Amino acid sequence: MLLSLFIHFSTPSRCLPIKTCKRCCQYSTGRNVHKLDTPVLLKNALTFSRSGGHGGKQKYIRLNSSQKRCFSSECDEVGHHHEHGEVRVRFAPSPTGFLHLGGLRTALYNYIYAKKYGGSFILRMEDTDQSRLVPGAAESIEDMLEWAGLPPDESPRGGGQYGPYLQSQRLSLYSQAADSLVQTGKAYHCFCSQQRLELLKREALRSGQTPRYDNRCRHLRPDQVEEKLGQKVPHVIRFRLESGVESFNDLVFGWNRHEVAQVEGDPVVMKADGFPTYHLANVVDDHLMKVSHVLRGSEWLISTSKHLLLYRALGWKPPVFGHLPLLLNRDGSKLSKRQGDIYIQSFQRSGALPEALLDITTHCGSGFNSNRVGRKMEELIAEFNPSKITTHSALLDLDKLPEFNKIHLQQRIDDAVQRDWLVRDLQGRIQDVYGTQVQDQDVLQPDYITRVLHLRKGHISSVSDLVSSEYSYLWVRPSFSDQQMAALSSETQHIATLVIRLMEGLKGGEELTVDQLSVQLKTLAKKTSNTKYRDVMKIIRLALSGLQQGPSVAEMMVSLGPSEITHRFNRVLQH
């Protein structure tokens with residue numbers, strides 16, 4: 001789609017000089033094509049767009065979609081980091097629900113941006129919509145960020161220099177901002193009833209138009225306003241939308257502007273209950289919290305011009321904006337909160353590793369110099385490149401998550417500190433799933449669990465796999481019938497005796513290894529009269545696990561260890 005921008009000059013003589021950049025964008029005046037240096041455009045566009053309608057022939061700069069970004073690393077550094085001082089970014093969810101994958105991805109890009117440029121990552125809760133708050137959601141969001149390895153530098157829980165970080169505790173700040181807008185004539189009291197607004201909406205829909213407020217109360221005389229305020233008539237505060245919106249250079253989507261005054265009525269900035277709307281609250285907070293870069297979902301791109309009008313009305317310098325493309329399902333459909341399984345808590349419960357989740361969400365997206373499975377946080381930060389974030393949506397293939405998880409699980413098992421975390425996690429899961437069925441508490445010992453993890457590394461996608469029924473033999477002694485054993489061989493007792501002897505013959509508690517045992521089992525099978533090697537293995541597998549398939553018999557034996565193997569084969573003899 002052609003994305004055009006018109007930046008208005010009053011007369012040629014009033015134009016600011018423009019440097020040229022050989023790499024980047026072009027602009028056209030009449031038939032001539034000129035090169036345009038984006039960083040200069042960034043600094044000067046605001047001046048151009050204010051120039052208004054002073055006589056003379058109007059000229060425009062037109063940028064098409066292929067020309068809208070100048071993003072060499074040099075431009076990136078000059079235009080978006082150093083000139084804004086310290087990098088401060090924020091993730092500002094609304095606790096009207098729990099953290100899901102789309103939110104995690106927004107938080108991740110903000111976190112990486114902060115760490116890449118030595119800045120701060122702020123968590124702010126936008127809880128001004130009191131009617132839709134979900135109990136426990138705010139705490140859970142912070143818990144999930146911590147779990148995912150994205151701890152905020154400032155947050156409701158951790159505090160910080162620019163708190164409080166809950167919007168419901170900042171109401172006086174919004175009230176002051178709204179009052180100052182009213183004082184300067186940039187906002188006004190609106191006394192329209194819900195019934196009137198509903199009628200306006202119905203009328204617009206009936207005539208096939210987009211519903212919008214008709215700005216009626218904008219025209220009230222001061223004495224009328226005073227009279228209604230004196231009578232305590234319920235009211236909201238609305239912001240006067242002015243035409244002449246400034247263009248802004250989005251980090252991802254390039255040059256943008258939306259002439260909001262032409263398509264919508266004056267928006268409410270302060271509700272009748274004394275709570276601000278999103279538009280006012282986020283502008284006030286971003287300013288007071290000294291946020292330098294706003295990285296948020298692309299659904300907010302269309303609201304940014306409105307926010308820039310608010311910044312201008314309040315006399316504040318706006319941050320740099322970057323709008324991240326949507327995260328969609330593999331088939332292009334929207335990630336729905338109703339899917340249930342996109343919530344981070346459900347991934348956590350199922351045994352997904354946070355680094356696998358972060359890896360898959362960045363792998364399907366953009367913004368990195370390379371794209372490979374298995375990247376850890378420090379690699380994501382090192383390879384992050386904002387200029388590589390594309391405007392098209394990221395398609396998320398969750399069917400690939402087990403593969404990502406398997407690779408990250410291997411990395412954790414190989415790391416002593418991370419492995420301890422896995423052992424504790426697995427201890428909890430064993431007790432939750434099997435509880436009193438666990439006859440031998442030794443299976444909860446860290447040494448035993450560590451051995452199991454090393455042996456199954458590369459085979460399992462998640463620690464939760466290890467508490468599924470196919471691995472129950474590791475934690476609970478299996479049950480099997482005499483008939484099952486008899487069906488395999490008449491030499492079951494003899495085979496059991498041979499296995500017990502093999503275990504007793506180990507010298508001074510020597511460690512079992514899969515390779516060594518594989519050889520010894522072949523030798524053992526030759527000591528039977530009429531049972532084939534394959535059936536000997538089936539009997540040993542059944543006695544050890546109660547199953548007919550699973551890991552190799554040798555691996556099962558190494559996992560369980562000599563004393564448990566002896567115990568299980570003594571039961572076979574007792575049968």
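Fair warning: this is a prediction, and the values are worked out from it, not measured in the lab.
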Exercise. Is the count of non-hydrogen atoms from other residues, nucleotides or ligands lying under 6.0 Å from Q161 atom CD greater than 12?
Worked result: no
For this session: Verify the neighbour count for atom CG of L205: are there more than 12 heavy atoms of other residues, nucleotides or ligands below 6.0 Å?
Result: yes
Exercise. CG/L108 to CZ/F121 distance, rounded to the nearest 0.5 angstrom?
Worked result: 8.5 Å
Problem set entry | Donor-acceptor under 3.5 Å (S175 side chain, L171 main chain) | no
For this session: Mark yes or no for whether N405, through its side chain, and S461, through its backbone, hold a donor-acceptor pair below 3.5 Å.
Result: yes
For this session: Rounded to the nearest 0.5 Å, what's the gap from NE2 on H363 to CG on D397? Could you check?
Result: 10.5 Å
Exercise. Is K306 reaching over with its side chain to a backbone N or O of V260, donor-acceptor style, under 3.5 angstrom?
Worked result: no
Problem set entry | Minimum-distance pair of heavy atoms, taken over all atoms of A177 and L314 | O-CD2, 3.9 Å
For this session: Answer yes or no: is there a donor N or O on one side and an acceptor on the other, between the side chain of S140 and the main chain of A137, under 3.5 Å?
Result: no
Seminar exercise, completed: CD of E142 to CG of L150, rounded to nearest 0.5 Å, is 12.0 Å
For this session: Go through the steps for D250 and N256 under the test side-chain hydrogen bond (donor to acceptor under 3.5 Å, both in side chains), then give the verdict.
Result: CA-CA 7 Å; D250 190 85; N256 260 272; 5.8 Å; no
Exercise. Is any side-chain N of the basic residue among R257 and E259 closer than 4.0 Å to the acidic one's carboxylate O?
Worked result: yes
Exercise. Given the side-chain rings of H293 and Y117, with only the six-membered ring counted for Trp, is the space between their centroids under 6.0 Å?
Worked result: no
For this session: Using atom types as modelled and distance alone, determine if a side-chain donor or acceptor of S366 lies under 3.5 Å from a backbone N or O of T390.
Result: yes
For this session: Report the C-alpha distance between L409 and K457 in whole Å, list the side-chain angles of each, state the deciding distance to 0.1 Å, and finish with yes or no for side-chain contact (heavy atoms from CB on, under 4.5 Å).
Result: CA-CA 8 Å; L409 187 58; K457 184 173 71 178; over 6 Å; no
For this session: Over all heavy atoms of both residues, which pair between Y471 and D465 is shortest? Give the atoms and the distance, please.
Result: CD1-O, 3.2 Å
For this session: Begin with the C-alpha distance, continue with both residues' side-chain angles, and end with the deciding distance and a verdict on salt bridge (charged side-chain N to carboxylate O under 4.0 Å, His left out) for E203 and R206.
Result: CA-CA 5 Å; E203 190 52 47; R206 191 164 38 237; 2.6 Å; yes
For this session: Report yes or no: does E264 contribute a side-chain atom to a donor-acceptor pair with the main-chain N or O of A261 at less than 3.5 Å?
Result: no
Seminar exercise, completed: Applying side-chain contact (heavy atoms from CB on, under 4.5 Å) to S393 and not counting sequence neighbours gives L326, L328
For this session: Check step by step if side-chain hydrogen bond (donor to acceptor under 3.5 Å, both in side chains) holds for D129 and S131.
Result: CA-CA 6 Å; D129 191 347; S131 61; 2.9 Å; yes
Problem set entry | Residue K290 excluded, over 12 heavy atoms near NZ under 6.0 Å | no
Problem set entry | Backbone of R218 reached by a side-chain donor or acceptor of R238 within 3.5 Å | no
For this session: Using the side-chain contact (heavy atoms from CB on, under 4.5 Å) rule, take L101 and F347 through it: C-alpha gap first, then chi angles, then the decisive distance, then the call.
Result: CA-CA 10 Å; L101 267 180; F347 287 109; 3.7 Å; yes
Exercise. Looking at I237 and V182, what are the two nearest heavy atoms and their distance?
Worked result: CG2-CG2, 3.8 Å
For this session: Assign the ring pair Y311 / F321 to parallel, tilted or perpendicular, where the plane angle (0 to 90°) is split at 30° and 60°.
Result: perpendicular
For this session: Nearest 0.5 Å please: distance from the OH atom of Y174 over to the CZ atom of F275.
Result: 10.0 Å
For this session: Output, in order, the C-alpha distance, side-chain angles, deciding distance and verdict of salt bridge (charged side-chain N to carboxylate O under 4.0 Å, His left out) for E383 and K388.
Result: CA-CA 10 Å; E383 294 178 17; K388 291 196 180 287; over 6 Å; no
Exercise. Going through the distances and angles, do K186 and E242 end up as a salt bridge (charged side-chain N to carboxylate O under 4.0 Å, His left out)?
Worked result: CA-CA 9 Å; K186 306 282 173 49; E242 303 294 350; over 6 Å; no
Exercise. Distance-only, no hydrogens or angles: does the S462 side chain make a donor-acceptor pair with backbone N or O of G351 under 3.5 Å?
Worked result: yes
Exercise. Going through the distances and angles, do F239 and L310 end up as a side-chain contact (heavy atoms from CB on, under 4.5 Å)?
Worked result: CA-CA 8 Å; F239 175 59; L310 274 165; 3.8 Å; yes
Exercise. Between D285 and Y165, does a side-chain hydrogen bond (donor to acceptor under 3.5 Å, both in side chains) hold up when you go through it step by step?
Worked result: CA-CA 9 Å; D285 286 343; Y165 295 89; over 6 Å; no
Exercise. Are D425 and R429 within salt-bridge range, i.e. N to O under 4.0 Å?
Worked result: yes
Exercise. Below 4.0 angstrom, N of the basic side chain to O of the carboxylate: do E139 and R157 qualify?
Worked result: no
For this session: Might you point out which heavy atoms bring N110 and R90 nearest each other, and give the distance in Å?
Result: OD1-O, 3.3 Å
Problem set entry | Side-chain touch P95/D127, heavy atoms, less than 4.5 angstrom | yes
Exercise. Just by modelled atom types, is the I381 backbone N or O under 3.5 Å from a matching donor or acceptor in the K116 side chain?
Worked result: yes
Exercise. Can you name the residues that form a side-chain hydrogen bond (donor to acceptor under 3.5 Å, both in side chains) with R296, not counting sequence neighbours?
Worked result: Y278, T304, H307, H323
Problem set entry | side-chain hydrogen bond (donor to acceptor under 3.5 Å, both in side chains) between S120 and E86, worked out | CA-CA 8 Å; S120 300; E86 188 203 352; 3.2 Å; yes
Exercise. Would you call E126 and R170 a salt bridge, using N to O less than 4.0 angstrom?
Worked result: no
Problem set entry | Cationic N near anionic O, under 4.0 Å, K115 to D153 | yes
Problem set entry | Greater than 12 external heavy atoms within 6.0 Å of R216's CZ | no
Exercise. Are there more than 12 heavy atoms of other residues, nucleotides or ligands under 6.0 Å from atom CZ of R132?
Worked result: no
Exercise. Near Q231 CD, under 6.0 Å, is it more than 12 heavy atoms from other residues, nucleotides or ligands?
Worked result: yes
Exercise. Does the pair R124/E154 count as a salt bridge with the N-to-O cut at 4.0 Å?
Worked result: no
Exercise. Taking it one step at a time, do F91 and Y109 satisfy side-chain contact (heavy atoms from CB on, under 4.5 Å)?
Worked result: CA-CA 9 Å; F91 175 52; Y109 276 75; over 6 Å; no
Seminar exercise, completed: When every non-hydrogen atom of N371 is compared with those of T362, the smallest separation belongs to OD1-O, 4.3 Å
Problem set entry | L358 side, atom CG; I360 side, atom CD1 - distance, nearest 0.5 Å | 11.0 Å
Problem set entry | Minimal non-hydrogen separation, V373 against D359, with atom names | C-OD2, 3.6 Å
Problem set entry | Check: N329 side chain, D331 main-chain N or O, donor-acceptor pair, under 3.5 Å | no
Problem set entry | Axial cation check for F368 ring with R375, 6.0 Å and 45° limits | yes
For this session: May I ask you to say whether K376 pairs ionically with E379, meaning some side-chain N is under 4.0 Å from a carboxylate O?
Result: no
Exercise. What is the distance from atom CG of L426 to atom CH2 of W421, rounded to the nearest 0.5 Å?
Worked result: 10.5 Å
